[in-house]
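Starting off with a structure, shown below.
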Amino acid sequence: MKLEKSFSLPTFLSVFLHGTLLVIFLGNWDFFKSEEEPYKPHYVTATLVDLTPKAKAAPQQTKEQVLDSKAYEDLKNNKKQDEQRRKEAEALVQSKKEQQAKAAEAEKQKQQKVKDEQAKVAKAKAAQAEAEKKKKAEEEAHRKAEAAKKTKREQEAQAEQRRIQAARQEEAKHIAESNDAANVKSYNELLSERVAQNWSRPPSARAGMIAVFNIDMLPNGQVIGVRLAKSSGNSAFDNAAEQAIKKVERFIEIKDVPIDVFERNFRHFQFAFNPEDLRQ
């Protein structure tokens with residue numbers, strides 16, 4: 001096709017030039033004559049003419065017209081070929097564009113599929129992570145609840161143990177206080193007997209007189225302080241009682257008293273002096 005295209009235009013120009021020269025040559029042939037021909041008489045020849053209409057014969061084409069028609073056909077064929085090649089080239093370009101578009105669409109769908117798959121995997125992982133997180137939270141809540149129950153049971157057991165111990169201590173204290181009270185009463189009676197032994201009754205003393213003294217004592221029973229806290233109303237009775245307490249000096253029985261009992265009852269205590277002989 002390329003070879004035909006390359007020779008079509010020169011061929012056409014060559015044919016056209018030759019045809020033009022031929023027309024000029026034939027139309028001006030008399031120019032080349034040197035002498036005129038002798039005049040010949042003209043004869044009229046009659047011819048019978050049939051006036052019946054006949055089909056008109058196609059005009060005969062000249063050689064130049066034939067050459068022009070051939071060149072035109074060649075040119076038209078070349079144009080058709082060029083148009084065909086153009087259309088084929090456009091079709092090829094269009095085909096390539098369509099192929100590229102299809103490839104791009106296929107790649108886009110492929111990328112979208114990959115993204116969808118990745119999103120699906122990520123969603124599955126997120127769901128799994130959320131489920132594990134929820135499971136751990138439930139396990140942690142259960143563990144804390146069990147630990148709280150255990151702590152509560154332990155606290156309740158400890159509280160019960162403390163209550164039992166406190167009850168036992170209270171009972172022991174009550175028993176001890178009962179024993180201490182009995183012992184204190186016994187020691188107070190003993191102290192009263194010792195003071196009464198050293199007491200000299202004044203003439204003004206009467207039945208019902210009671211003098212109360214604050215006494216300070218050491219754990220070994222030694223009296224280190226005597227102060228009148230409440231008078232009997234008779235100074236002679238009060239003075240006689242105070243002198244009787246001081247004469248005792250030391251209550252040796254006190255050394256056998258437990259130290260806690262001593263601290264509570266005899267380190268600083270009040271002593272009421274009410275001699276028995278005044279009661280008679």
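Quantities reported herein were computed from a predicted structural model and do not represent experimental measurements.
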- From CG (Asn220) to CD1 (Ile252), nearest 0.5 Å: 11.0 Å
- Output the distance between atom CD (Gln270) and atom CG (Asn265), rounded to the nearest 0.5 Å.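 Here the interatomic distance stands at 12.5 Å.
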- Task: State plainly whether the residues Lys120 and Asp116 are in salt-bridge range, i.e. N to O under 4.0 Å.
- Result: no
- Query: Taking it one step at a time, do Arg143 and Glu140 satisfy side-chain contact (heavy atoms from CB on, under 4.5 Å)?
  - Reply: CA-CA 5 Å; Arg143 185 189 66 79; Glu140 182 66 15; 2.4 Å; yes
- Do Ile245 and Ile215 have side-chain heavy atoms sitting under 4.5 Å apart?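 Ile245 reaches Ile215 side chain to side chain.
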- Gln81 and Asn77: side chain donor to acceptor below 3.5 Å: no
- Note on the structure: Here the gap from Arg201 atom CZ to Met209 atom CE, rounded to the nearest 0.5 Å, amounts to 9.5 Å
Under 3.5 Å, which donor-acceptor pairs link side chains of residues 146-160 to any protein atom two or more places apart or in another chain?
unit_1 : atom_1 : unit_2 : atom_2 : d
Thr151 : OG1    : Ala147 : O      : 2.7
Glu160 : OE1    : Arg163 : NE     : 3.2
Glu160 : OE2    : Arg163 : NE     : 3.4
Glu160 : OE2    : Arg163 : NH2    : 2.4

- Does some side-chain heavy atom of Val195 sit less than 4.5 Å from a side-chain heavy atom of Lys247?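 Lys247 vs Val195: side chains apart.
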- Which heavy atom of Ser200 sits nearest a heavy atom of Ala240, and at what distance?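 The answer is O-CB, 3.5 Å.
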- Message: Please tell me whether Leu228 and Val212 are part of a single hydrophobic cluster in this structure, the criterion being side-chain heavy atoms less than 4.5 Å apart.
- Response: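 In one cluster: no.
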- Should Arg194 and Glu253 count as an ion pair when the cut-off is N to O under 4.0 Å? yes
Return a table of donor-acceptor pairs under 3.5 angstrom between the side chains of residues 87-102 and protein atoms on other chains or two or more places apart.
unit_1 : atom_1 : unit_2 : atom_2 : d
Glu88  : OE2    : Gln84  : NE2    : 3.3
Glu90  : OE1    : Arg86  : NH1    : 3.1
Glu90  : OE2    : Arg86  : NH1    : 2.4

- Query: What distance do Phe213 atom CZ and Lys246 atom NZ have between them, rounded to the nearest 0.5 Å?
  - Reply: 9.0 Å
- Find out if a path of hydrophobic residues (ILVMFWY) with successive side-chain heavy-atom gaps under 4.5 Å connects Val226 to Ile224.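 Hydrophobic grouping puts Val226 apart from Ile224.
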- Message: Under the criterion side-chain contact (heavy atoms from CB on, under 4.5 Å), I'd like the reasoning laid out for Gln161 against Gln165: C-alpha separation, chi angles, the key distance, then a yes or no.
- Response: CA-CA 6 Å; Gln161 186 66 26; Gln165 291 178 353; 3.5 Å; yes
- Query: From Leu75 CG over to Lys70 NZ, what is the distance, rounded to the nearest 0.5 angstrom?
  - Reply: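 Going from CG on Leu75 over to NZ on Lys70, the span is 12.0 Å.
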- Task: For the residue pair Glu107 and Gln111, confirm or rule out a side-chain donor-acceptor distance under 3.5 Å.
- Result: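 A donor-acceptor contact under 3.5 Å links the two side chains.
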- Message: Within this structure, what is the CZ-CG distance for the pair Phe271 and Asn188, rounded to the nearest 0.5 Å?
- Response: 7.5 Å
- Message: Testing the basics here: between Met217 and Phe251, what is the closest heavy-atom pair and its distance to 0.1 Å?
- Response: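 Heavy atoms only, the tightest pair is CE-CD1, 3.6 Å.
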- Phe237 vs Phe273 aromatic rings, parallel, tilted or perpendicular, using cut-offs 30° and 60°? tilted
- Answer yes or no: is there a donor N or O on one side and an acceptor on the other, between the side chain of Asp238 and the main chain of Ser232, under 3.5 Å? yes
- Item | Flag side-chain contact, heavy atom, 4.5 Å: Asp216 against Val223 |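 They are not in contact (no side-chain heavy atoms under 4.5 Å apart), so the answer is no.
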- Taking only residues two or more places apart in sequence or in another chain, which ones pass ring-ring contact (aromatic ring centres under 6.0 Å, His included) with Phe269?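 Testing Phe269 for ring-ring contact (aromatic ring centres under 6.0 Å, His included), a comparison that skips the adjacent residues, returns Phe266.
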